[in-house]
Amino acid sequence: MLLIFPPSAKACEPPPGLARLHGTLKHHGVPVHSIDMNLEGFHYLFNQKALAGDLWGKRALKKREQNLDLVTGSKGYANRDRYKNAVLDINKVLAMVSRPSGSLVTLANYKSDTLSPLKSEDLLYAAAHFRENVYYPYFSERFKDLLSKDGRALDTVGFSLNYLNQALCTFAMIGYLKHLNPGIRIVLGGGLVTSFMRKPGFASPFDGYVDVMIAGKGEGPLLDLFGFERKEADVLPDYGDMVAGGRYLSPGLVIPFCTADGCYWKKCTFCPEQAENNPYEPLDVNRAVDQVKALDAIYKPALFHFVDNALSPKFMTRLERSGFNTPWYTFARITGQLGDEAFCRSLKRSGCRMLKLGIESGDQNVLDHLTKGIDLGTVSRSLTELKRAGIATYVYLLFGTPWETEAAARKTMDFVCDHKHLISYLNIALFNLPYFARGWEYLETSQFYDGDLSLYKEFNHPMGWNRSDIRDFLAREFKKHPDISAIINRDPPVFNSNHAAFFFD
Ligand code: SF4
């Protein structure tokens, strides 16, 4: 089986889902090959010829190799301004080479001028008109080459579709493969596909192109597809094909690893984990630590990225006790433990460089309605102890939830200002109402995006704190506040939290 991670997403680390599938299939005797076509697609596009255009374009083209070296080597991270210029120059080159095809590619996105990834008819169009896709010259040659080396290489091809910016390219690739070999079996899975399939009443509109769609974990369904009995669960992920496949856009190898699917808290009312009712399935904690240590020994990464929705304190404690000290970062919930000096110091000893923390609001009433299960006193203590221990914090804020008023949003602004020395980075988001969220039937809603695959709905804010007011407040006041803009300006452009930990020792 051929497993593919399609363009376009940030190409800074190998995709964890593919590594998990690869490990399990190989372990059970299924011949498998994985290709990170997102990474290969980036290198293909980045090296295309382009007309220089304006002065910035000329400079970006001239410094192509130099900028790539800065982003993929430690030197680039010694100076934030130099790093920033390199990333923006790379984006400029991608934009210049992609515009003639009617799309706009950046380091983190793929946008078509005419097609929407939220409309099934547009995805089907992308499949039928695969030659129009900007990556067509790359993927057509790549697939033909694979076929010429091994006639069975393209019998079954699985795509891991996780982000909207991958959807149109995924379907262009599928369309080409079906054109090349109508008998090919196409399997489609990944986070985005799971969300599509968990929408009530979902029926696949992709017949004729996609043979099998998988929601949730793919290991079991794929083994069933090949008639193999699953003898062992939770096999060690295998990144080998992907790591050998090219140069990722990070200063050292980053290995993503998931210790648990779902979330151990699963109570936050705004969260898709809750709306989709995804089960919490942790690895046995000792096994998880053993696997991380095994991956550390095999790949010798510069950084581990634990991709859990919220890493469990139990795993963190066990990791430290194991003597582990390779750098790592993750999402974590604020709990009493993070307010404990000894616990934070133990985290630092185990290699923790940065924690991503969903604080969401500086108003306790909003937090209580969100069922975050945190109080602002604990948040303050946690930020203080993490700072003392030398662990960076990437704080996530969410504006516009149904319980937030303008006064509450101002409390969030005050909270950030009061803690400005303790917050390393900020992520600011506007609340989206999940299409199939439960318990919010009282809200007056309408279609958010124009597309049958939309995952969110528009709603009239019950307190009149609507999106245009919030955007206005964020742009005119929140982001302009000198204490807050200083934090925002620290954020690595485009790569954000994916590269943030590299700026801290
Ligand atoms: S802790 Fe995070 S992942 Fe878990 S329910 Fe809350 S928002 Fe969702």
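Ligands are counted one by one from 1 in listed order, and the atoms in each one are counted from 1 as well. Model, not experiment: these values are computed from the prediction.
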J.: State, without any angle test, whether S380 and H419 hold a side-chain donor-acceptor pair at a distance under 3.5 Å.
T.: yes
J.: Flag the pair R381 and E385 as a salt bridge only when some basic side-chain nitrogen lies within less than 4.0 angstrom of an acidic carboxylate oxygen.
T.: no
J.: Aromatic rings F306 and W328: how do their planes relate, parallel, tilted or perpendicular, breaks at 30° and 60°?
T.: tilted
J.: Going by an N to O cut-off under 4.0 Å, is there a salt bridge joining R20 and D261?
T.: yes
J.: Within less than 2.8 Å of atom 8 (Fe) of ligand 1, how many protein N/O/S atoms are there?
T.: 1
J.: By number and element, which atoms of ligand 1 are closer than 4.0 Å to a non-hydrogen atom of R333?
T.: 1 (S)
J.: May I ask you to check whether Y329 and H305 place their ring centres under 6.0 Å from each other?
T.: yes
J.: How about H499 and F503: are their ring centres within less than 6.0 Å of each other?
T.: no
